[in-house]
Amino acid sequence: MHPRVTPLPPKRVWRELTVDSPSLVHWTWLVSIFVAALAVRLHWNLEIHPLGDYVYSDMNGYVTRAQRLLRSPTEPHEYSSFFPWGTHVMLAGLMWIFGEANYTAVGIVYALFGATAVTFAFAAARRATAFPFVAPAVGLLGVFYYPHLSLGGYILSEVPFSMFLMGALLFALRLVDEGKHRDAWGMGWCCALGMIFRPQMLLSAAAVGVFWLARRKQMPKLRFVHLAQSAVPLVLVGALSSALLHFNTGRLGLVSENGSFNLVFGRCHNSRIESLPDGKGHGKVHFRPPPFLQLNNLEAASRKEGKEPPRTLDPAIGDELSYRGYIGDKTVHHAFIRECIEKTGWRRQLDYSMTNVMLLWRWNIPWPDSGRAVWRPPARWWTARHREWVAIPALLGLVTIVFGGRRTVKQGLIAVNLLALLLLAAIYFGGIRHRTPYDFVIIFLAFETYAFALRGATRLGRRLLQSVRARSGRGPRPAQASSSSKK
């Protein structure tokens, strides 16, 4: 006789195929999402939006620094350490292998970065979610998600950073589930490599560490030794970055010197900073954050129409600041910051922070798309849809998930990265372009919140239905009552 095989319920079958085991269907999902995301991005980067056609402004800066590194690799260059070194060093490596003018190779690599970020997001969602349909939804939306796709069509730091951010989150979730040392190394190296593209990775790493301290009893497999182990790559790459900065500038620092420069914008709310020639080799350089420029333009348009603008920069000591010397002079930056804080007071500084956070979702179109008429409409449409359909549920569910119980600890591990982004924007300044590397985190939180709400509504509906049925069943039915009266 053959043993009787009890078929799994449909829900259990779906969960076995999508969540609980590394089944063939799971790997099919994983590979399918990667291939689809890669195909979309290759078509975008090579046919629709070739990276070589958009080498200007920031993109040209990365290309210029990469070319200079190839031609004079042993000569110090002060301005190269004003920015994090990850993007231009990576670009120099690609130019060295494939040729300086081979933007096709650069487009392929950026397509791989974007597709890997989407795949990491799907895999992380699969481990963190309480609902089997959330991970496929995150992956499928990620394949065609225009803000991320669009940024991958420019030589910028956001898409590589997004890949390492999502990779670090995936390894962190694997640590929570399995507690293996190899995942601690993976998390550490993803954080370290993400840091050299955008040092804000350190804030996410710190947020995860604080979250572990608060919820470590609910994550018994993730131990202090894992966090210490993951810190080793950060220390090594941080030391290398510091040595490189000292080699280029002769000064001490970590990854780059633009941190205090960006802090001036956040605390003074000026829209432009300009450094002027000083006769010591420093030329004229200026920067204007696109979100601040667009907010100023909105104010001007509103006042022209006789309307009150929804928000203004309200600069502390002037809309344009200038000084002679090096653009990254921290002494000048700190003097500006102190003056602005003393003049405005902390209440107005808090208002600045609120504006900075709101700029993550409102009053700006992500640059560089905002500067091109052909790409501005899709960027504007996706900005509005993200704000309406994704941002609101993600922010509503944020507090519940972060401070929830054991059932939401893995969702909370992802959610603290959104908190890190909010804190970063509040201190410095926000913008939709700066938010986009975190969008897969926000999308996951939104879908998870929708799923929790749907489950809650379903349970409430069942209880109400049971209550109505129970009430309708009280007492004899009319027919029974009449028959009993006859007796």
Side-chain angles (χ1 to χ4, degrees), residues 33-67 83-84 86-95 98-121 139-166 194 197-198 289-291 294 364-386 431-440 443:
I33 285 176
F34 174 77
V35 171
L38 181 60
V40 170
R41 282 154 178 77
L42 285 174
H43 183 62
W44 180 264
N45 286 0
L46 302 182
E47 298 294 334
I48 299 177
H49 193 281
L51 275 71
D53 292 351
Y54 297 88
V55 181
Y56 60 91
S57 189
D58 289 14
M59 292 74 75
N60 183 60
Y62 286 121
V63 170
T64 302
R65 290 191 293 277
Q67 291 172 338
F83 301 96
T87 304
H88 73 259
V89 169
M90 174 205 68
L91 189 59
L94 294 177
M95 289 179 173
F98 300 107
E100 286 192 22
N102 193 343
Y103 290 105
T104 298
V106 178
I108 292 171
V109 170
Y110 266 77
L112 285 167
F113 285 156
T116 304
V118 174
T119 309
F120 282 163
L140 290 173
L141 178 58
V143 169
F144 303 101
Y145 186 64
Y146 178 81
H148 198 269
L149 171 69
S150 171
L151 269 184
Y154 299 99
I155 301 174
L156 295 169
S157 62
E158 280 80 4
V159 169
F161 169 75
S162 178
M163 179 188 69
F164 289 119
L165 174 67
M166 298 314 302
F197 285 90
R198 299 187 74 84
Q294 293 182 50
N364 67 110
I365 300 170
W367 186 88
D369 275 5
S370 62
R372 296 281 179 145
V374 66
W375 306 123
R376 201 176 300 131
R380 181 183 287 112
W381 188 90
W382 278 91
T383 295
R385 301 296 80 75
H386 177 100
I432 293 171
R433 170 188 161 191
H434 309 111
R435 186 210 71 213
T436 300
Y438 297 81
D439 273 0
F440 295 137
I443 289 168

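Take Y145 and apply the ring pair (Phe, Tyr, Trp, His ring centres under 6.0 Å) test, not counting sequence neighbours, and it matches W382. Take D369 and apply the salt bridge (charged side-chain N to carboxylate O under 4.0 Å, His left out) test, not counting sequence neighbours, and it matches no residue. Not counting sequence neighbours, the partners of R385 by the salt bridge (charged side-chain N to carboxylate O under 4.0 Å, His left out) test are E388.
Annotation: side chain of D439 is not in contact with side chain of H148 (no heavy-atom distance under 4.5 Å). You'll find the side chain of S370 reaches within 4.5 Å of the side chain of Q294, heavy atoms only. A heavy-atom distance below 4.5 Å is found between the side chains of L156 and R433. Considering only heavy atoms from C-beta on, V118 comes within 4.5 Å of F440 through its side chain. You'll find the side chain of I432 stays beyond 4.5 Å of the side chain of I365, heavy atoms only. Looking at M95 and V63, their side chains come closer than 4.5 Å, going by heavy atoms from C-beta outward. Put simply, the side chain of N364 does not reach to within 4.5 Å of the side chain of P290, judged on heavy atoms. Looking at heavy atoms from C-beta onward, M90 lies in side-chain contact with F113 at the 4.5 angstrom threshold.
Nearest approach of S157 to T87, heavy atoms of both residues: CB-OG1, 3.2 Å. Among all heavy-atom pairs drawn from L140 and I33, the shortest one is N-CD1, 4.5 Å. Looking at every heavy atom in both residues, L151 comes nearest to P368 through CD2-CD, 4.3 Å. Of all heavy-atom pairs spanning F161 and P437, the tightest one is CD2-CB, 3.6 Å. For T383 against P366, the heavy-atom pair with the smallest separation is OG1-CD, 3.5 Å.
For residues 39-53, the set of pairs meeting the side chain to side chain donor-acceptor pair (under 3.5 Å) definition, not counting sequence neighbours, comprises H49-Y154. For residues 54-63, the set of pairs meeting the side chain to side chain donor-acceptor pair (under 3.5 Å) definition, not counting sequence neighbours, comprises Y54-W375. Here side chain to side chain donor-acceptor pair (under 3.5 Å) pairs that include residues 100-116, with residues two or more places apart or in two chains, are R71-E100.
Note that CZ of F120 is 9.5 Å distant from CE of M166, once rounded to the nearest 0.5 Å. Note that CG of L51 is 9.5 Å distant from CG of L91, once rounded to the nearest 0.5 Å. The line from CG of L141 to OH of Y146 is 15.0 Å long, rounded to the nearest 0.5 Å. A distance of 10.0 Å separates CH2 of W367 from CZ of R372, quoted to the nearest 0.5 Å.
Proximity of a side-chain donor or acceptor of S162 to a complementary backbone N or O of E158 within less than 3.5 Å is not detected.
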